[in-house]
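A quick write-up on the structure given underneath.
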Amino acid sequence: AMALLDEMKKNGIFPDVVTYNSLIHGFFVSKNLEEAQAMFQEMKREGISPNTNTYSSLIHGLCQARKLEAAKATFHEMKSNVIIPDVKTYTSFIRGLCIVGEWEEAKCTVHEMESNGISLDVITYSTMILGSIRSGKWEEALGIVSDMNSRGVPPDLAIYNSLIHGLSEIGKFEKAKGVVCDMKSKGVSPDVVTYGIMIRALLQTGHWEEAKCIFNEMKNKEIPGDVITYSTLIHGLFQNGKCEEARDMYYEMKSEGISPDVVTFTTMIHGFCGIGNWDEAKRILCDMREQKVQPDAITYYMLISALIKDGQQTEAMQLLEFMAERGESPN
RNA sequence: CACGGGUGGGAC
């Protein structure tokens, strides 16, 4: 990108605000914070005035990198240069505040944007909902959802999923179920992710039979499970001591034409090693090899620990060497 | 021109 920039300058095509905005954005997404900021300084040196998008990119990049002080300073600079922030500028900044846990400050910023005549859009609301959940304010999150409904900005699938996920994570599973009912009644259909969240939550709380019911419900709704759904089920069934059921899921997914991936294989092998069923574990390893799925660092870690726990230190060492030979570096 | 949010799986 820099070579191209040089080339254009040499050919007398001078970068404008759009060029610089692209560069700033590009450097931020490639995590080159200093370069991004250098581009901002360069454009100002060259007498090119930053616009709303320039500041939005900077604020977004700085917030993403958790440089909130710098983001605040940039936002301040923007306003003092009378560049008007838009909904995206505000949303990026609000998200940054939420990321670092400055929930009250985030709410103040929302008031500020509203008093400047900028309405929250679905993404701003989404940011606030996630922020409230992460600050432990799940009641506020639910309140924002009802605000959205009354203000004619209905929550989308992403918002419902993040809410259901957040509530499940903090053990508010009944509330999560309530949200699933709400979304259905508002005509937003749960997708494979929604079901995945519910299935995982049920399995983690020991409700494996109910998890299977939900899985059947999704199949009846013609939402086919994918490799993640099956891996979640397999893992959870093993955790619940339902090894036969887990194995059935493995064969079911294969018969559905869904190829197990490295996570599925690792989960299966881990499950069988955990109960000392080495024969089954080996069978899965063979399947994995046949399917040409490469073990990753986690697979090796799991196998090596299983061998050590079984007193097979020599084999564990051999596996470590093998892993290195295969170009997989131990973590 | 570019640009903002969110969503499920494995070892520890």
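Each chain gets a letter, A, B and so on, in the order the sequences are listed, and its residues count up from 1.
Protein atom CD of A/Gln239 is 10 Å distant from nucleotide atom P of B/rC12, rounded to whole Å. In this entry the distance linking CD1 of A/Ile84 with C1' of B/rG4 reads 18 Å, nearest Å. Following rounding to the nearest Å, A/Ile133 (CD1) and B/rG5 (P) show an atom-to-atom distance of 17 Å. Going from atom CG of A/Asp226 over to atom C1' of B/rG10 covers 15 Å, rounded to whole Å. The CG atom of A/Asn53 sits 10 Å away from the P atom of B/rC3 (whole-angstrom rounding). Look at CG on A/Asp296: it is 13 Å from P on B/rG10, rounded to the nearest Å. A/Leu23 places its CG atom 17 Å from the P atom of B/rC1, with the value rounded to the nearest Å. Between the C1' atom of B/rG5 and the CG atom of A/Leu157 lies a distance of 13 Å, rounded to the nearest Å.
Taking 3.5 Å as the limit, the base of B/rG5 and the side chain of A/Ser126 contain a donor-acceptor pair of atoms between them. Checked by distance alone, A/Asp86 brings no side-chain donor or acceptor within 3.5 Å of a matching partner on the base of B/rG4. On a pure distance criterion of 3.5 Å, a polar donor-acceptor pair joins the side chain of A/Thr299 and the base of B/rG10. Residue A/Ser92 places no side-chain atom within donor-acceptor reach of the base of B/rG4, judged by atom type and a 3.5 Å distance cut-off alone. Looking at A/Ser231, its side chain comes within 3.5 Å of the base of B/rG9 through a donor and an acceptor atom. A/Thr264 contributes no side-chain N or O that forms a donor-acceptor pair with the base of B/rG10 under 3.5 Å. For A/Asp121 and B/rG4, a side-chain-to-base donor-acceptor distance below 3.5 Å is present, hydrogens and geometry of angles not being considered. A donor-acceptor contact under 3.5 Å is not formed by the side chain of A/Thr232 with the base of B/rG9.
Both tests pass for A/Lys79 against the ring of A/Phe75: distance under 6.0 Å to the centre and angle within 45° of the axis.
Nucleic acid contact class of A/Thr127 (heavy atoms, under 4.0 Å, all strands): sugar-phosphate only. Counting non-hydrogen atoms under 4.0 angstrom, A/Thr52 reaches nothing in the nucleic acid. At a threshold of 4.0 angstrom between heavy atoms, the contacts of A/Val17 with the nucleic acid are absent.
When distances are taken from the side chain of A/Val122 to each of B/rG5, B/rG10, B/rC3, the shortest belongs to B/rG5. Side-chain proximity of A/His60 to B/rG5, B/rA11, B/rG8: nearest is B/rG5. Residue A/His25 places its side chain closer to B/rA2 than to any other of B/rU7, B/rG5, B/rA2. Distance from the side chain of A/Ser162 is smallest to B/rU7 among B/rG4, B/rG9, B/rU7. The side chain of A/Ile298 approaches B/rG10 more closely than any other nucleotide in the set B/rU7, B/rA2, B/rG10. When the nucleotides B/rU7, B/rG5, B/rC3 are ranked by their closest atom to the side chain of A/Val193, B/rU7 comes out on top. Considering only side-chain atoms of A/Thr124, the nucleotide from B/rG8, B/rC12, B/rG4 that sits closest is B/rG4. Among B/rA11, B/rG5, B/rC3, the nucleotide with an atom closest to any side-chain atom of A/Lys88 is B/rC3. When distances run from any side-chain atom of A/Met302 to the nucleotides B/rG10, B/rA11, B/rU7, the shortest one goes to B/rA11.
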Checklist entry - Passes salt bridge (charged side-chain N to carboxylate O under 4.0 Å, His left out), A/Lys219 versus A/Glu252? Steps please. => result CA-CA 13 Å; A/Lys219 286 196 254 182; A/Glu252 180 182 317; 2.8 Å; yes

Next on the checklist: A/Phe40 vs A/Tyr55, test: ring-ring contact (aromatic ring centres under 6.0 Å, His included). Steps then yes/no.
Outcome noted: CA-CA 9 Å; A/Phe40 182 53; A/Tyr55 281 105; 5.6 Å; yes

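Salt-bridge annotation for A/Glu210 and A/Lys177: present, with a side-chain N of the basic residue lying under 4.0 Å from a carboxylate O of the acidic one.
A/Asp310 places no side-chain N or O within 3.5 Å of a backbone atom of A/Ala306 that could act as its donor or acceptor partner.
Of the candidates A/Asn21, A/Ile48, A/Val18, A/Thr54 forms a side-chain contact (heavy atoms from CB on, under 4.5 Å) with just one, namely A/Asn21.
Put simply, A/Arg200 has no side-chain N or O that comes within less than 4.0 Å of OP1 or OP2 on B/rG8.
Centroid-to-centroid, the aromatic rings of A/Tyr230 and A/Tyr250 stay 6.0 Å apart or farther.
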